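Encoded as structure tokens, the structure appears first; notes follow it.
When reading the values below, keep in mind they use all heavy atoms of this one structure, side chains included, and skip hydrogens, waters and symmetry mates. As the structure is a prediction and not an experimental result, all values here were calculated from the model.
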Amino acid sequence: MSPDTTPERLDGYAVIQSYLKSLDTSPGVYRMLDAKGAVLYVGKARNLRARVSNYARPSGHSPRIARMISDTASMMFLTTKTETEALLLEQNLIKQLKPRYNVLLRDDKSFPNILVSHEHAFPQIKKHRGRKVEKGNYYGPFASAGAVNRTLNQLQKVFLLRNCSDSTFESRTRPCLLYQIKRCSAPCVGYISEPDYAALVKDAERFLRGKSTRVQGQLAEQMQAASEAMEFERAAALRDRIRALTQVQSSQGINPKGVAEADVIALHQDGGQACVQVFFIRANQNWGNRDFYPRTGSGAEAAEILQAFIGQFYDGKDPPRMILLSHDIEDRELLEAALAEKLGRRVEIAVPQRGEKAELIANAMRNARESLARKMSETATQGRLLAGLAEAFGLDAPPERIEVYDNSHIQGTDAVGAMIVAGSEGFIKSQYRKFNIRGDSLTPGDDFGMMKEVLTRRFKRLLKEDPDRTGGTWPDLLLIDGGAGQVSAVREIMAEMGVEDIGMVGVAKGIDRDAGKEEFHRTGERPFALKRNDPVLYFIQRLRDEAHRFAIGAHRAKRSKAVGATPLDDVPGVGATRKRALLAHFGSAKAVSRAALTDLKAVDGISDAIAETIYNHFHEGR
């Protein structure tokens, strides 16, 4: 859809006024665009004509809305059947277009869960993140991987469930270290029967559903019975499990009695910035908290920030039964209806004023206030470091986006290039990228050639996706791990692509490859160093070390994948489950490749069609 055209305009109010005659009272979504066609704002309306007419009034607007109207050169409209549809479309467009005046949730990662897998006779308990495709029961979300790991660590002490993979379980001939330190019941070698292990799984799932008092009572009864029977070793083991269970409950902090399932969402604003704190309450337990720093759309009010946050936060996540807010929002009932439709059951959004729920909000508000204060302090420090960096490297202004590049390989094998990004708010991990080195003509270990390939791919994509440099994805400064040779190679590539106006510095190890003696290389200038105690030097070291860490991690992941790779990975339709079935039946991938069609069809889980696909894959051209 292209922007509607209007006659010659005097100002934004006149532009908006010119659209009113063509609008009706339908619900829908509207977009405001500037003179270059960039989207300034996306909004939804129950009544498009009434909503847009509000903007056409020349007075009564906040400074933020007045600036937005002044910048408006054209508008776009899309009608929907219901206001709920308009709400969903609005949130999708905001996430896609990232308009300047909209509130935008910048951190939208998934949250980890605990999975009790039911695909095995002896279920495994483990951390899970991503799509819920594996059979089993999922418990969460937890605020962070650390919160999951702490809970899993204590659950192992209490319920002695295995966390090893199925392949490790099948290959064991004697119990592992976890059994020795009393964190596993060793089902892999038959130290516990299937019914007894199933009872432990049942108890663990009761606890994760909030039935911890019942589990504790049962353990206490068993301990008493063992003590009376003078089975003192068993009684001591049960005592240790009860203590571990108590530690789990105490480590979870606030455990509300009257709130079984809720997300507690509190907002604090200061100095044009906002922090939203989210506490996850599940099964009457606090499963951690996470802070978010949404972009506030040049000064939005609390109600608008929270409403936008909720719409974007639950776009890819299942909402709980209850959402507790620190501030009321305009379209509370509409959001409840949209979330209920997504979940398939009622969702309540409330702003508590008293009682336990209000205490939860007060605690979240305090955390939001403290987190924003820390963030603002860190941002101020980061601003000073960026200004120092600009002075040290002769830049026209402090860089808003720094990209740091590094390579990792072992004698040229499994080579990976890595890019990390930093800006005024520190590391921007959502913008990190890794590059699998594809150059077949490269000499193994050719760092110059690898860096050329990485930079070529990076800037070709930038030139294709954002040629006008308006999307905020172009760097102001490149830091390259290396000296004059790397800088010269990269400069050559930049010149070929016509992007020579970006600052670039090579960071070499310096004398004795010692931290603090780094040398900095720029095109056409002599190498130089910074004083050992210069905060800017420490900042550059942190950037370089982060790039090195990310590159090594990407390399190790690629190497591990290559070690476990088999020819079966290339067969269409053969995933992890079928691969395990084939290897278990034939013993090796080579045996699978030599198997007859009738033998392939005899494998459990392999249909006739898949068997023919596997056979044809290995026998084409023979």
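A salt bridge links Glu546 and Arg549; the closest N-O separation between the charged side-chain nitrogens and carboxylate oxygens is under 4.0 Å. Comment: Arg461 does not engage Asp466 in a salt bridge, judged by the lack of any side-chain N to carboxylate O separation of less than 4.0 angstrom. Contact check on Asp481 versus Arg544 returns no salt bridge, with no Lys/Arg side-chain nitrogen under 4.0 Å from an Asp/Glu carboxylate oxygen. Salt bridge annotation for Arg457-Glu453: present, with a cationic side-chain nitrogen under 4.0 angstrom from a carboxylate oxygen. Between Lys44 and Asp331, at least one side-chain nitrogen of the basic residue sits less than 4.0 Å from a carboxylate oxygen of the acidic one, meeting the salt-bridge criterion. The existence of a salt bridge linking Lys132 and Glu134 is excluded, since no basic side-chain nitrogen approaches an acidic carboxylate oxygen closer than 4.0 Å.
Under 3.5 Å, the side chains of Asp406 and His548 contain a donor-acceptor pair of N or O atoms.
Closest approach of Gly417 to Asn407, counting heavy atoms only: CA-OD1, 3.6 Å. Heavy-atom minimum distance, Ala274 versus Pro294: O-CD, 3.8 Å. Residues Thr379 and Ser424 come closest through the heavy atom pair CG2-O, 3.8 Å. Nearest heavy atom pair, residue Ala364 against residue Gln277, reads O-CB, 3.6 Å. Heavy-atom minimum distance, Gly288 versus Ala143: C-CB, 3.3 Å.
Listed for the Asn102 side chain is no donor-acceptor partner under 3.5 Å among the backbone atoms of Leu104. Here the side chain of Gln285 pairs a donor or acceptor atom with the backbone of Phe207 at under 3.5 angstrom. With Asn284 contributing its side chain and Val259 its backbone, the two residues share a donor-acceptor pair below 3.5 Å. Panel note: side chain Asn367, backbone Asn363; a donor-acceptor pair is recorded below 3.5 Å. With Lys98 contributing its side chain and Ile94 its backbone, the two residues share no donor-acceptor pair below 3.5 Å. Within the 3.5 Å criterion, the main-chain N or O of Gly423 finds no donor-acceptor partner in the side chain of Glu400. Put simply, the side chain of Arg162 gets close to the backbone of Cys164: a donor and an acceptor are under 3.5 Å apart. Proximity of a side-chain donor or acceptor of Ser377 to a complementary backbone N or O of Ala373 within less than 3.5 Å is not detected. Although no hydrogens or angles enter the test, the distance criterion places no donor-acceptor pair under 3.5 Å between the side chain of Glu403 and the main chain of Val421. Listed for the Glu261 side chain is a donor-acceptor partner under 3.5 Å among the backbone atoms of Arg321.
By the 30° and 60° cut-offs, the orientation of the rings of Phe528 relative to Phe520 is tilted.
A heavy-atom distance below 4.5 Å is not found between the side chains of Asp315 and Leu105. Here the side chains of Phe280 and Asn289 are not in contact, with every heavy-atom distance at 4.5 Å or above. The side-chain heavy atoms of Phe313 and Phe292, taken from C-beta on, include a pair separated by under 4.5 Å. Contact of the Leu115 side chain with the Gln124 side chain is not registered, since no non-hydrogen atoms from C-beta on lie closer than 4.5 Å. Taking 4.5 Å as the limit, every side-chain heavy atom of Ile114 sits out of range of all side-chain heavy atoms of Tyr138. The shortest distance between side-chain heavy atoms of Ile402 and Asp476 does not fall below 4.5 Å. Counting heavy atoms from C-beta on, the side chains of His268 and Val276 never come closer than 4.5 Å. The shortest side-chain heavy-atom distance between Arg458 and Ile493 does not fall under the 4.5 Å cut-off.
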Go through Glu378 and Lys375 one step at a time and tell me if the salt bridge (Lys or Arg N to Asp or Glu O under 4.0 Å) criterion holds.
-> CA-CA 5 Å; Glu378 292 167 3; Lys375 182 75 171 178; 5.3 Å; no
Step by step, work out the side chain to side chain contact (heavy atoms under 4.5 Å, CB included) result for Tyr101 and Arg67.
-> CA-CA 9 Å; Tyr101 287 97; Arg67 289 195 304 272; 3.7 Å; yes
Let me see the working for Arg491 and Ser488 under side chain to side chain donor-acceptor pair (under 3.5 Å), right down to the final yes or no.
-> CA-CA 5 Å; Arg491 179 59 66 192; Ser488 176; over 6 Å; no
Quick one: do Leu33 and Arg31 satisfy side chain to side chain contact (heavy atoms under 4.5 Å, CB included)? Show the steps, please.
-> CA-CA 6 Å; Leu33 296 85; Arg31 281 175 266 185; 4.2 Å; yes
Yes or no on side chain to side chain contact (heavy atoms under 4.5 Å, CB included) for Met504 and Val490, after CA distance, side-chain angles and deciding distance?
-> CA-CA 9 Å; Met504 183 178 61; Val490 172; 3.1 Å; yes
Go through the steps for Ile540 and Val505 under the test side chain to side chain contact (heavy atoms under 4.5 Å, CB included), then give the verdict.
-> CA-CA 11 Å; Ile540 295 169; Val505 177; over 6 Å; no
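A distance of 4.0 Å separates CD1 of Ile502 from CZ of Phe459, quoted to the nearest 0.5 Å. In this structure, Asn163 CG and Leu155 CG are separated by 11.5 Å, a value rounded to the nearest 0.5 Å. Separation of atoms CZ (Phe309) and CD1 (Ile329) is listed at 12.0 Å; rounding is to 0.5 Å. The CD atom of Gln273 sits 6.0 Å away from atom CG of Leu372, with the distance rounded to the nearest 0.5 Å. Distance check, rounded to the nearest 0.5 Å: OG of Ser117 to NZ of Lys126 gives 5.5 Å. Taking CE of Met376 as the reference point, atom SG of Cys275 lies at 11.5 Å (rounded to 0.5 Å).
More than 12 heavy-atom neighbours from other residues, nucleotides or ligands sit within 6.0 angstrom of CD on Glu496. Remark: Asn533 CG is packed, more than 12 non-hydrogen atoms of other residues, nucleotides or ligands lying under 6.0 Å away. Atom CD of Glu370 has more than 12 heavy atoms from other residues, nucleotides or ligands within 6.0 Å.
For the side-chain hydrogen bond (donor to acceptor under 3.5 Å, both in side chains) test, no residue two or more places apart in sequence or in another chain qualifies with Arg290. For Tyr139, the side-chain hydrogen bond (donor to acceptor under 3.5 Å, both in side chains) criterion is met by Glu205, Arg209, not counting sequence neighbours. Partners of Asp270 under the salt bridge (Lys or Arg N to Asp or Glu O under 4.0 Å) rule, at least two apart in sequence or in another chain, do not exist in this structure. Under the side-chain hydrogen bond (donor to acceptor under 3.5 Å, both in side chains) criterion, Asp263 pairs with Arg282, Tyr314, not counting sequence neighbours. With sequence neighbours excluded, no residue forms a side-chain hydrogen bond (donor to acceptor under 3.5 Å, both in side chains) with Arg129.
Screening residues 293-309 for salt bridge (charged side-chain N to carboxylate O under 4.0 Å, His left out) gives Arg64-Glu304 as the qualifying pairs, with residues at least two apart or on separate chains.
Here Phe142 and Phe111 keep their ring centres 6.0 angstrom or further from each other.
Because its NZ or CZ atom is not both nearer than 6.0 Å to the ring centre of Tyr432 and within 45° of the ring axis, Lys434 does not count as a cation-pi partner of that residue.
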